[in-house]
J.: 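Below are the structure tokens for one structure; questions will follow.
All values below were derived from every heavy atom in this structure, side-chain atoms included, with hydrogens, water molecules and symmetry-related copies excluded.
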Amino acid sequence: MLASILIGLLIIVSLIGAGLFYLGQKSQDGDAPGIVDGTLAVCPGSPNCVVSEAHADDDHRVAPLPLAAWEKLPNAIGDAGGTITQINESYIASTFTSSVFKFVDDVEFRKADTEVHVRSASRVGYSDRGVNRERVEALRAAVQ
């Protein structure tokens, strides 16, 4: 009886691990949404995204960064373990990859007239346990 329970638990744990591995691999495909109608993309209904644009609802809203942060962002992204995938005079796209299952999150910045807007979102899954919000706040602290 105990052996059957242990085998059942091992199968369940193996299936969960395989599922997480699959999602991690799947998240490596794709790109950041980029600028959509002049702003960073709207967050989906899931809690794994934050954005500072005016269209953000209360659950997904974060404050924009100060304009002075723009020049410091490339170094701050690299220091935090991110990789810049696109950069120009008013837009930065970067990715951050988790260490175990290799989940990819997109972190984007849009330079506006008086501030820098930010969007951080997981490519797959539903919840991120607050990782994207924490990442934005860590980057905010790094550029101040």
J.: If we ignore angles and hydrogens, is there a donor and acceptor under 3.5 Å between the side chains of Ser122 and Asp105?
T.: yes

J.: Side chains of Val131 and Phe96: does their closest heavy-atom pair fall under 4.5 Å?
T.: no

J.: So which of Val143, Val118, Ile84 actually passes side chain to side chain contact (heavy atoms under 4.5 Å, CB included) with Leu73?
T.: Val143

J.: As an exercise, state the distance from OG of Ser94 to CZ of Arg135, rounded to the nearest 0.5 Å.
T.: 8.0 Å

J.: Grouping I, L, V, M, F, W and Y whenever their side-chain heavy atoms are under 4.5 Å apart, do Val50 and Leu65 come out in a common cluster?
T.: yes

J.: Would you find a donor on one side and an acceptor on the other, under 3.5 Å apart, between the side chain of His60 and the backbone of Pro44?
T.: yes

J.: Going hydrophobic residue to hydrophobic residue with side-chain gaps under 4.5 angstrom, can you get from Phe109 over to Val36?
T.: no

J.: Got His117 and Val51 here, is their nearest side-chain heavy-atom distance under 4.5 Å?
T.: no

J.: Would you say Val107 and Val104 are hydrophobically clustered, going by side-chain heavy atoms of ILVMFWY under 4.5 Å?
T.: no

J.: Do any N or O atoms from the side chain of Glu53 and from the backbone of Leu40 form a donor-acceptor pair under 3.5 angstrom?
T.: yes

J.: Please evaluate residues Thr95 and Asp106 with respect to the criterion side chain to side chain donor-acceptor pair (under 3.5 Å), reporting the C-alpha separation (whole Å), side-chain torsions for both, the decisive distance (0.1 Å), and the verdict.
T.: CA-CA 5 Å; Thr95 58; Asp106 291 303; 5.9 Å; no

J.: Check for a donor-acceptor pair, side chain of Glu108 on one end and backbone N or O of Gly34 on the other, with a separation under 3.5 Å.
T.: yes

